[in-house]
There are 2 protein chains.
Amino acid sequence: MQKKRITLKDIARETGVHVSTVSRALDPVERRTITEEVVKRIQAAADALGYRPNRIAAGLRTNRTMTVGVMIPDITNVIFPPILRGIESVLEPLGYASIIVNTDSDRDREIRLLDVLRDRGVDGIIHAAVLRSDPSISQAAQDGLPVVTLNRKVEFSEIPYVINDEDAGICQMLRHLQKLGHNRIAHIAGPQDLSTGQLRLAAFRRAADDLSIAVEEALIVTATRFDEVEGGRCLTTLLSAGKPFTAVLCANDRLALGAIEALRERGIDCPRDISVTGFNDMPFLDLIRPKLTTVRIQQHGAGRAAANILLQLMNDNADGVSLETVLPVELVVRESTAPAR
Amino acid sequence: MQKKRITLKDIARETGVHVSTVSRALDPVERRTITEEVVKRIQAAADALGYRPNRIAAGLRTNRTMTVGVMIPDITNVIFPPILRGIESVLEPLGYASIIVNTDSDRDREIRLLDVLRDRGVDGIIHAAVLRSDPSISQAAQDGLPVVTLNRKVEFSEIPYVINDEDAGICQMLRHLQKLGHNRIAHIAGPQDLSTGQLRLAAFRRAADDLSIAVEEALIVTATRFDEVEGGRCLTTLLSAGKPFTAVLCANDRLALGAIEALRERGIDCPRDISVTGFNDMPFLDLIRPKLTTVRIQQHGAGRAAANILLQLMNDNADGVSLETVLPVELVVRESTAPAR
DNA sequence: CTGAATTAAGCAATCGATTGCACAAAGTTC
DNA sequence: GAACTTTGTGCAATCGATTGCTTAATTCAG
C-alpha cells in the first residue's frame, strides 16, 4: 500500500496554476521565465507537500536518468572499492547514482549485465572490467552511449580510457632492485588473459631491456590467478627450475605474499636471502610481515579521473576529452627488499 | 547522437499488429491470450530488430523498476563487499539491479541518499547502515516501501532485520578463553554509536556474567573508531591502567590487529604472554601473524538472507516473513590465543 | 441455424514530467 | 493610437510500455 506520491499535478491544483508552470518554476533554468511571486508560491507549496520529482517520469521524457553504470570484475577484490568511492566522490554531488555490477570477468555475464544497464537507461558507463577485445562495449559506445574504461583500453576503438602508468612502476621497481645489487631477477606474471597480467609482463621485459638486465625465460612464471596460492606455486616452480635468482618481481601484491609464504616454508628468508616485490599497494599490506615493497597505484584517483571524463562525454563535450589518461604511480619501499647477498 | 532504440511501436509496424498485441506477446504471462503463430512472428521480429524493453517506460506505468537500493556505511570496509555479492547472488538472476550508496554513517547523508534511491523508484531497500533510531527509513517503510535492515534492527519498528548471532559469538569466544585458563579478560569495545560496538559490549557483559567471569570496568576500553590505531591506543590505555589481564577480547579484527601490534612494540608476545581475539574474520586475516583467533560471521549469507526477505516483501508476501533472522556464527581458533600463563 | 459463449486483437487512457507552440496581456515604438 | 515586441502562462503532445475495455471473429450449445 504505497502512500501516494506528490506530483506536479498536486502542486498545480494546490496553487491554481498549470502543471507546466509548476514544472518550469521548479526548474532552476526555466525558472526565470516565471514571475517571481508565482515561483515563490509554487516553491512553498512544493515544500509544504513534500514534493519529490519522479525521475522515472522525467527520464522517460528527457532520456536522462542521472544514473550511471559501473562494471567491475569483482567487488570483493580490494582494489575496486576505492575506485568506486573515487567515482562516487565526483558523481554523487552532482546528483548521479551508480548501478554497480560484477562481471566475474565472464564474457557472457558481461554482455548480459551491459543490457541490464542499458535497459535502465543509464546515462553512461564506467567499465573497469573490459576484456581485451570487447565488441559489446564497443558497440554500445558506437551507439552513442558515453563510455570510459578503467585500467585498460579497448583495442581499435575511440573509447577514452584511464590507466595507471604500470610501465613506469615496473621500471622503477626494477631500478630499485638493480640498485640493491640484484641482477638475477625472476618475474611471477599474472594471468595473460587479464589486462594487468599481460601489461605488466610486457613492461617487465621492456624495462629489463632498458636497464640491461638479462631476462631469462626460465625465470618467468605465469600464474593462472592473482592469488596467494598461485604465488606460492609459481615460486616453487622457480626454485625447482634450478636457475639461481636473488629477487622476485611479482605482478601483484597477492602473488608476492604467496611467494614470501612459500619461501618461509622452505626456510628461506625474505628479504635476507631473496627480495620479493608486489604491485598495487593494497590495503592492510602494512600489517603483514615483512612489509611488502610495492608500487602504489591511484585507485581513488583513477575513479575520479574516469568519472570526470564520463561527465564530459555525457555533457557532449566529447571534443575536450583526451583519449588517454595515464596516472602516475609511486614506488613504496618497505621491508621485503634488501641488498643482494 | 544516440542511435534510435527499437520500441514496441517498431515491432508493431514491422508485423502489422497493434502495439498492445506486441506487448502481450512479449510478456510471458499475457502471452497465452495471443495466437501462437502471431507470438512467433512478433518474437521473430523482436529478435531480428534487437528489441530491448525500455524499463524506464515500463517502470513509469507499473511502478516497478526491477532495481533495489542498498545502503552501506562504506564499501571500502572489507566486510561489505561479500554482503553485496550475497545480495546480488539472489537478486541478479531474477533481473534486479542494485544501486549502492555509501552513507559514511552520516545521518544527513543517509537522508539525502535515501531520497536519491526513492526518486529513482527502487522497488525496495536493503539497509546495512541504519543508525539506532532512524526516522527516515522508518518513514519510508511506513509509506509502503519494502525495507530490510542488515546487521541491526531499527528500534520500535516493524522492519524485518537480519543479524548475526553476535551474542553467541562473544559467548563462545569467552568460553574458549576461559577454557584456556584466562579469568582476567579485558575488552576493547567498538564505538558505542555504532550498532556492532554497542551490541558486542552488551554481549560481553552478559556472557561474562553467564560464565561467572568477573567484569572489571577498568578492563573495558572503548575505541572511537574500528581501526588498528584505535586498537593500539586502547591497549596502551589498558596497560597503563595497571590492572593485570591475560587476554583481550576485541570487538573486531582491526582493533585486535592494532592491539597485537602495540603489544609487540612493548616486547609483549601474543599469544605467549597475552591472548588477543577478534571478530568478523575478515579476508586476508590468515596472512597476518600471529593468525588471529576470531568469530566468523556470515557475510555472504547475510546478504542472501536479506535479499530473500526483501523479495518476499516486494511480492506482497509480507505475512510470510519473520521480523527477525539470526544467522549462526562460528568460532575460528587460530594462533593468537594460548593457555594463560 | 440462431443466440450465447469464448477467443483474439485493437483502442485508448494512463503513468509524471518536459517542452514547443499558442495566446493573451502588458509594454514599447513611431 | 496602430503595429509590434516582450513577457508570463496555458495547452497539448510526447516519451514507451501496460492494461481495462471494446469489438470482431469464431466456436459451441440446443
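Below, chains carry the letters A, B, ... as their sequence lines are ordered, and counting in each starts from 1.
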Quiz item: Rounding to a whole Å, what distance do you find between M66(A):CE and dG16(C):P?
Solution: 21 Å
Quiz item: Below 4.0 angstrom from OP1 or OP2 of dA17(D), is there any side-chain N or O of S23(B)?
Solution: no
Practice problem: Go through I100(B) and I72(B) one step at a time and tell me if the side chain to side chain contact (heavy atoms under 4.5 Å, CB included) criterion holds. | Solution: CA-CA 8 Å; I100(B) 297 162; I72(B) 56 177; 4.1 Å; yes
Practice problem: Let me know the distance between CD1 of I56(B) and P of dG16(C), rounded to the nearest Å. | Solution: 15 Å
Practice problem: Identify, between T62(B) and R32(B), the residue whose nearest nucleotide on DNA chain C lies closer to the 5' end. | Solution: R32(B)
Exercise. Report the residue (T21(B) or A57(B)) whose heavy-atom-nearest nucleotide on DNA chain C is the more 5′ of the two.
Key: T21(B)
Quiz item: Can you tell if the side chain of E14(B) reaches within under 4.5 Å of the side chain of V22(B), non-hydrogen atoms only?
Solution: no
Quiz item: Checking only heavy atoms, does the side chain of R24(A) share a donor-acceptor pair with the base of dG20(C) at less than 3.5 Å?
Solution: yes
Quiz item: Looking for any heavy atom pair under 4.0 Å, which part of the strands does V17(A) touch: base, sugar-phosphate only, or nothing?
Solution: sugar-phosphate
Practice problem: Find out whether K153(A) and I163(A) are in side-chain contact, i.e. whether some heavy atom of one side chain is under 4.5 Å from a heavy atom of the other. | Solution: no
Quiz item: Atom CG of D27(B) to atom C1' of dA9(C): distance rounded to whole Å?
Solution: 16 Å
Quiz item: Nearest-Å distance, NZ (K9(A)) to P (dC15(C))?
Solution: 5 Å
Self-check item: Whole angstrom value for the distance that separates C1' of dC15(C) from CG of N63(B)
Solution: 8 Å
Exercise. With heavy atoms under 4.0 Å as the rule, sort V22(B) into base, sugar-phosphate or nothing.
Key: nothing
Quiz item: Can you check whether D134(A) reaches E110(A) side chain to side chain, under 4.5 Å on heavy atoms?
Solution: yes
Quiz item: Whole-Å distance between dT9(D) C1' and R41(A) CZ?
Solution: 12 Å
Practice problem: Among dT9(D), dA17(C), dC11(C), find the nucleotide with the atom closest to the side chain of T35(A). | Solution: dT9(D)
Quiz item: Could you give the CZ-to-P distance, from R5(B) to dC15(D), as a whole number of Å?
Solution: 15 Å
Exercise. Ignoring the backbone of H18(A), work out which of dC11(D), dG10(C), dA13(C) is nearest its side chain.
Key: dC11(D)
Practice problem: Could you go through the side-chain hydrogen bond (donor to acceptor under 3.5 Å, both in side chains) check for Q139(A) and D143(A) one step at a time? | Solution: CA-CA 6 Å; Q139(A) 186 57 54; D143(A) 291 352; 2.8 Å; yes
Quiz item: dG10(D) C1' sits how many Å from I42(A) CD1, rounded?
Solution: 12 Å
Quiz item: Between dC11(D), dT18(C), dA17(D), which nucleotide has the shortest distance from any of its atoms to the side chain of R61(B)?
Solution: dA17(D)
Practice problem: Look at the side chain of R55(B) and the base of dG16(D), then say whether one donor and one acceptor between them are separated by less than 3.5 Å. | Solution: no
Practice problem: Report the nucleotide, chosen from dG16(D), dA9(C), dA17(C), that has the shortest atom-to-atom distance to any side-chain atom of T7(A). | Solution: dA17(C)
